Amino acid sequence: MHDARIFREQVELLRDGMRRRQKLDALAPVIDCGLALDLERRSIIQAVEERKAARNASSQEVARRKKAGEDADDLIASGRALGEQIQKLEEELAASEVELRDILLGLPNLTLPDVPEGGEEANRIVRTWGEPRPSDGVKPHWEIGEQLGILDLQRGAKISGSGFIVFRGLGARLTRALMNFFIDVHVREHGYEEVWVPVVVNRASMTGTSQLPKFEDDMYALKEEDLFLVPTAEVPVTNLYRDEIVDASTLPRGFVAYTPCFRREAGAAGKDTRGLLRVHEFDKVEMVRYCTPEQGDEEHERLTKHAESLLERLGLPYRRVLLAAGDTGFGAARCYDLEVWAPGVGKWLEVSSCSTFGDFQARRANIRYRPAQGEKPRFVHTLNGSGLAFPRVIAAILEHYQLEDGHVTVPEVLRPYMATEVL
RNA sequence: GGACAGGUGGCCGAGUGGUUUAAGGCGCACGCCUGGAAAGCGUGUGGUGGGGCAACUCACUCGCGGGUUCGAAUCCCGCCCUGUCCGCCA
């Protein structure tokens with residue numbers, strides 16, 4: 001969320017940011033509306049506060065007179081009139097504030113200057129690692145997975161519906177291995193604090209990280225309780241310190257959590273949905289970082305490298321893509337996608353999104369730090385990245401490490417967790 | 001789910017309609033004192049929003065949201081959270 005001040009102080013910057021995202025046509029009228037509402041709101045505030053000051057003074061005078069045994073009926077009458085005016089103005093103010101907040105909650109973040117303008121076609125591959133294996137003779141993961149008895153899509157669909165997966169035997173163990181391997185690396189080598197968090201969260205948390213209000217239709221919800229299944233651990237983990245002022249000496253700091261992730265993927269049906277490519281429930285280890293504004297860029301690079309290091313240890317060829325403004329998520333200021341090569345399906349699969357949000361989430365979630373004793377609190381910067389999402393990593397392993405006989409070599413780093421060298 | 005008790009500043013804690021416009025204490029910061037420190041003494045000490053170049057000033061803020069009143073931490077209603085007991089339970 002932006003500071004409302006952006007309307008009166010930097011509206012051109014805001015317009016330009018929306019243009020870079022290719023959203024200006026849709027959002028220009030919204031921005032104009034925000035500008036007008038901010039003006040209106042401040043003028044009402046002045047009117048109402050003027051009257052409140054008068055009422056406060058009058059009430060004190062009433063108290064003084066009563067104590068002195070004097071008559072105060074005239075003041076009580078004028079106070080009543082003031083009260084009526086105040087009530088009316090406050091109703092107007094509340095309406096205008098709700099409208100302004102709705103607008104602010106619906107505006108995407110500004111992207112950083114190094115983010116390319118435009119849509120998906122302007123995404124930029126900034127580095128590649130490893131030799132992509134040629135696709136010749138490599139079967140897609142869903143064939144190999146079913147063949148090896150480690151993937152059971154049929155029964156997943158029976159139990160829950162399409163897009164829900166059953167892993168069996170070594171497939172189930174592989175999921176457990178990835179969870180432990182990823183978390184162990186982040187905790188032991190990258191300095192993250194391991195956290196285990198709820199996967200059902202309230203509306204305030206979902207709003208804090210900017211899934212709500214705009215993307216409510218994409219979320220699984222428990223309507224009776226007004227609770228939501230998390231689409232990513234980003235939500236509960238970033239919200240750990242919602243409405244708090246964190247100790248500046250702890251920054252930068254990182255948290256890592258495993259959670260299942262639930263996504264309705266409304267409207268995505270039919271597109272790259274076979275096998276493990278796009279499912280409604282999947283598992284992921286997520287890194288979340290808090291830092292100061294000054295540390296933001298450096299932290300974004302660090303976070304992204306933490307995710308890349310996992311792919312390198314797994315020996316899976318990948319590329320890092322800097323997303324163009326129009327392809328960058330709603331709340332992000334800059335986002336790198338990590339895409340792993342899957343020779344069986346012949347595609348680069350997104351296995352991690354590493355984003356920096358600036359203070360966009362922190363303002364919504366009210367997460368602050370005090371730079372130094374006696375100074376005003378400032379919003380932290382928040383970052384998060386998958387480290388990593390399991391299903392597509394599993395797909396890449398089943399394809400990249402596929403043997404001619406249909407078995408699959410287990411990446412060396414996973415062998416201590418798997419107790420086997422081959423699937 | 002039911003019953004009861006609670007929720008006041010960084011922390012403790014007083015406060016049942018008007019010098020409480022939140023006492024007092026702890027902590028913290030600064031100053032005095034000291035060779036240096038402790039103790040002691042003094043001063044200061046939250047957040048949000050509005051106005052102002054600024055000094056400053058106004059409003060709001062006692063879990064949250066409404067209501068009553070000229071005036072609410074205080075009275076009324078709803079909700080949330082915490083604790084204890086009961087019920088249920090991996």
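Letters go in sequence order (proteins before strands), and every chain restarts at 1. In this text the structure is predicted, and so the values were computed from the model without any measurement.
Nearest-nucleotide positions on RNA chain B place A/Q60 closer to the 5' end than the other of A/Q60 and A/Q46. Both A/R5 and A/A63 lie close to RNA chain B; mapped to their nearest nucleotides by heavy-atom distance, the more 5′-ward contact belongs to A/A63.
Checked against the 6.0 Å centroid criterion, the rings of A/H300 and A/Y336 qualify as a close aromatic pair. In this structure, the ring of A/F7 has its center no less than 6.0 angstrom from the ring center of A/H2. A/F379 has its ring centre no less than 6.0 Å from the ring centre of A/Y369. Note: A/F262 and A/F228 fail the aromatic proximity criterion, with ring centroids not under 6.0 Å apart.
Under the 3.5 Å distance criterion, the side-chain polar atoms of A/S58 are left unmatched by any main-chain donor or acceptor of A/A54.
Atom P of B/rU16 sits at a distance of 12 Å from the matching atom of B/rU74, rounded to the whole Å. With P as the reference atom, B/rA22 and B/rA39 are 30 Å apart, rounded to whole Å. To the nearest whole angstrom, the two C1' atoms, one in B/rG42 and one in B/rG46, are 22 Å apart. Nucleotides B/rU68 and B/rG83 are separated by 31 Å at their C1' atoms, to the nearest Å.
Nucleotide B/rU16 has no partner under the Watson-Crick or G-U criteria, as no pair reaches both atom distances under 3.5 Å. B/rG65 is paired with B/rC77 under the criterion used here, namely a Watson-Crick or G-U wobble arrangement in which both key atom distances are under 3.5 Å.
When A/Y417, A/Y258, A/F390 are each tested for a ring pair (Phe, Tyr, Trp, His ring centres under 6.0 Å) with A/F182, only one passes: A/F390.
Between B/rU48 and A/R368, a contact under 4.0 Å exists linking OP1 or OP2 to a side-chain N or O. When the side-chain nitrogen and oxygen atoms of A/R370 are compared with OP1 and OP2 of B/rG10, none of them lie within a distance under 4.0 Å. Of the side-chain N and O atoms in A/R41, one or more sit less than 4.0 angstrom from OP1 or OP2 of B/rG50.
Counting atom types as modelled, A/E49 pairs no side-chain N or O with a base atom of B/rG51 as donor and acceptor under 3.5 Å.
Using a 30° and 60° split on the angle between ring planes, A/Y192 and A/H306 fall in the perpendicular class, above 60°.
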Measure all distances between protein nitrogen or oxygen atoms and nitrogen or oxygen atoms of nucleotides 61-67 of chain B, and list the pairs falling under 3.5 Å.
none

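Nucleic acid contact for A/N56: sugar-phosphate only, since backbone atoms but no base atoms lie under 4.0 Å from a heavy atom of the residue.
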